[in-house]
Protein chains: 2
Amino acid sequence: MSTIKDVAKLSQTSVGTVSRYLNGYPIKTVNKEKIEDAIKCLDFSINPIARGLKTNKTYTVGILIPKLANLFSTSVIEGMDQVFDPLGYSILVCDSKNSLEKEKEKLRLFKDKLVDGIILMPVNNTEQHIREIQENGVPIVLIDRLVNNLQCDGVVSDNVNGVYQAVEAIINRGHRRIAIIAGPQNIYPAKERLEGYLRAMKDYNIEVDHNLIYQNELTREGGYQGIASFCAMDEPPTAIFTSNDETTIGAYKSIIERGLLIGEDISLFGYDQTELCQMVRPQISVVIQPLETIGKRSAEILISRMKGDYTGFPIINRLKTEIVVTNSVKTIY
Amino acid sequence: MSTIKDVAKLSQTSVGTVSRYLNGYPIKTVNKEKIEDAIKCLDFSINPIARGLKTNKTYTVGILIPKLANLFSTSVIEGMDQVFDPLGYSILVCDSKNSLEKEKEKLRLFKDKLVDGIILMPVNNTEQHIREIQENGVPIVLIDRLVNNLQCDGVVSDNVNGVYQAVEAIINRGHRRIAIIAGPQNIYPAKERLEGYLRAMKDYNIEVDHNLIYQNELTREGGYQGIASFCAMDEPPTAIFTSNDETTIGAYKSIIERGLLIGEDISLFGYDQTELCQMVRPQISVVIQPLETIGKRSAEILISRMKGDYTGFPIINRLKTEIVVTNSVKTIY
DNA sequence: TTGTAGGCGTTATCAT
DNA sequence: ATGATAACGCCTACAA
């Protein structure tokens with residue numbers, strides 16, 4: 001590995017001049033050429049570690065997500081990559097495994113590794129450790145979930161209206177007994193999604209039967225159990241809304257196993273597009289979030305913060321969702 | 001941000017002693033306590049950038065994959081994380097977007113960022129740029145795909161036998177006209193999977209009709225087109241093997257759209273487990289690769305190489321697959 | 001516009 | 001076992 005000293009020697013200039021060349025300061029053309037030759041000749045490239053020691057910049061951003069292995073995470077990351085990559089930022093990816101402890105630990109790691117910025121999908125509503133990051137002067141952008149009592153930039157999808165539209169579509173097809181498989185109310189999108197449901201029911205003057213609100217973890221198992229719970233009722237719902245991809249899959253599984261026909265015996269509407277929802281017949285109706293855009297927007301905000309531009313803080317970007325309505329929702333007369 | 005100088009001052013020792021404490025060398029107990037107090041008091045933590053400048057270690061590994069946004073990639077990465085995380089390594093994740101140019105560029109980035117090691121799923125069979133990495137002394141482990149003419153550690157699944165068993169199972173259910181949707185033969189697993197097919201056919205004395213070998217990109221579109229091609233034949237196959245997750249999905253879609261019943265009108269056997277294959281009725285028969293294990297093993301090998309242990313180089317780990325046979329394959333009498 | 005030198009926070013080599 | 005000090009490779013006053 002050659003250093004700027006070597007380059008200086010070979011080009012018969014000084015380290016100062018080489019460094020200035022490297023950083024785009026004006027130098028004499030003759031020297032410029034000599035230096036460029038030397039760099040090529042030595043296959044020199046700048047050592048970012050040494051540079052970082054001086055500049056306190058690493059051109060690395062940390063991304064922390066509760067679960068890496070799903071389409072949501074990777075799509076979002078892909079969106080971020082589209083922004084960061086051309087600007088020369090690398091991404092350090094970590095998985096908090098849905099554990100607050102892990103989240104704290106990883107955030108500490110980011111701080112130690114001196115990332116220039118952080119994108120975080122927080123595990124829950126706890127804010128103290130995040131605030132500490134901010135106080136350390138490291139910009140941080142939240143995705144998917146905002147945190148109460150914390151002033152922080154964030155990019156989320158418009159959960160309330162997404163679900164509202166879904167429930168509205170269900171109602172418009174004649175349903176009245178509409179159930180929801182909801183998630184823990186201390187998780188931001190879970191809370192919002194339930195709110196969307198409640199608001200739609202209210203606006204259409206349908207009294208909410210609290211037995212039709214099933215609450216559990218937003219996992220496959222949660223979705224599976226939700227269906228079991230509804231099917232055990234004397235008067236089961238005619239349509240069910242599931243609050244995320246995992247619960248949709250679990251619900252689907254349970255419905256199939258019971259030999260029920262979706263769109264016939266029971267109507268189903270999910271949140272998040274998945275392979276399964278698209279390929280199965282009938283296709284499952286879903287609310288679609290703009291995943292890549294979430295990634296892109298969060299990256300863009302982070303970039304401007306890293307440049308020191310804090311206009312409009314805190315920016316909360318609430319991205320619109322789309323709905324795909326299929327005949328997984330029966331039309332009742 | 002406090003430094004070891006501050007710690008030394010506060011604890012009334014010297015930077016040397018503090019550094020030695022930090023690196024686990026023996027020091028007097030009194031000093032040890034004083035230093036620990038000072039560290040706590042100052043909330044000191046070591047600056048890995050500065051350390052890296054001296055040690056040429058960053059405790060970061062680079063992971064480069066052709067496409068991040070799918071279950072294969074994330075599962076493998078999750079496996080790696082299980083190994084790296086407890087050892088204090090962070091992972092720099094990059095997407096080569098199936099482009100050799102991007103792969104070269106990212107590999108250069110890794111070199112510049114001074115990662116301690118690299119895990120690479122190569123885009124194709126090109127080896128020169130990988131060899132350069134090796135010559136630079138940076139350990140590298142390949143996953144999923146080996147590269148011809150390159151001595152390099154690698155972890156792959158036993159594609160040949162995986163497909164062999166699948167085709168064997170199809171044959172044992174009475175099929176003779178068995179087709180395969182194969183991939184580009186300059187991609188390692190695609191080549192091996194076709195070989196598994198050919199070998200099984202040969203071993204069971206079934207003459208290969210070359211019209212039943214459809215070759216295309218291993219994409220959804222490829223799978224979709226494959227079915228179209230087979231269905232246009234005078235004497236279509238009774239069973240179809242698809243070479244990866246994407247082609248399976250594409251094939252499934254095409255079959256459904258044609259109104260054909262899987263396991264009845266046509267039999268289907270895929271490679272790689274997906275949501276879809278599990279949830280659909282009938283479930284799709286598949287060859288399952290041990291994804292997390294691929295991640296874990298590759299990480300373990302890389303760790304030992306980074307420690308300087310080069311025993312057995314090059315290690316090629318060929319992991320066994322499993323097959324799940326369902327009635328997506330009809331039994332013919 | 002240039003070269004020299006000091007410093008970023010560590011580690012490692014000296015004597016002691 | 002310890003303290004002082006010279007690196008590591010780069011950036012940036014400073015003086016010229």
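These figures come from a predicted structure and were not determined experimentally. Per chain, numbering begins at 1; letters A, B, ... match sequence-line order.
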Which whole-number value in Å describes the distance from [X] [atom1] to [N] [atom2]?
X: B:K5; N: D:dA4; atom1: NZ; atom2: P; value: 12 Å
X: A:K57; N: D:dC11; atom1: NZ; atom2: C1'; value: 15 Å
X: B:I27; N: C:dA12; atom1: CD1; atom2: P; value: 16 Å
X: B:K34; N: D:dG3; atom1: NZ; atom2: C1'; value: 13 Å
X: B:K9; N: C:dT10; atom1: NZ; atom2: P; value: 13 Å
X: A:N47; N: D:dC10; atom1: CG; atom2: P; value: 5 Å
X: A:I4; N: D:dT12; atom1: CD1; atom2: P; value: 11 Å
X: A:I49; N: C:dT11; atom1: CD1; atom2: C1'; value: 15 Å

_Can you work out whether B:R20 or B:F44 has the more 5'-proximal nearest nucleotide on DNA chain C?_
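Here B:F44 is the residue nearer the 5' end.
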*On DNA chain C, nearest-nucleotide positions of B:A50 versus B:G16: which is more 5'?*
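Nearest-nucleotide comparison on DNA chain C picks B:A50.
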Does a side-chain N or O from [X] land closer than 4.0 Å to OP1 or OP2 of [N], or not?
X: A:T3; N: D:dG9; result: no
X: B:N56; N: D:dC8; result: no
X: B:R51; N: C:dG9; result: no
X: B:S19; N: C:dT10; result: no

_Nearest-nucleotide comparison on DNA chain D, the residue closer to the 5′ end among A:L22 and B:T29_ =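 Comparing both residues, the 5'-ward one is B:T29.
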Using the side-chain heavy atoms of [X], tell me which of these nucleotides is nearest: [options].
X: B:L53; options: D:dG3, C:dT10, D:dC8; answer: D:dC8
X: A:I46; options: C:dG3, D:dC10, D:dG3; answer: D:dC10
X: B:K54; options: C:dG3, C:dG6, D:dC8; answer: D:dC8
X: A:Y25; options: D:dT12, C:dG7, C:dG3; answer: D:dT12
X: A:T55; options: C:dG9, C:dT1, D:dC11; answer: D:dC11

*Would one find more than 12 heavy atoms of other residues, nucleotides or ligands at under 6.0 Å from atom NZ of B:K34?*
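More than 12 within 6.0 Å, yes.
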_Neighbour count >12 (heavy atoms, 6.0 Å) for atom NZ, B:K9_ =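 Open.
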*Determine the minimum heavy-atom distance between A:Q82 and A:E292, stating which atoms define it.*
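A:Q82 and A:E292 have their closest heavy atoms at NE2-OE1, 3.0 Å.
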_For A:E192, is there an ion pair with A:R318 - N to carboxylate O distance below 4.0 angstrom?_
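Looking at A:R318 and A:E192, the cut-off is met.
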*Rounded to the nearest 0.5 Å, what's the gap from CD1 on A:I63 to CG on A:D81? Could you check?*
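Between atom CD1 of A:I63 and atom CG of A:D81 there are 8.0 Å.
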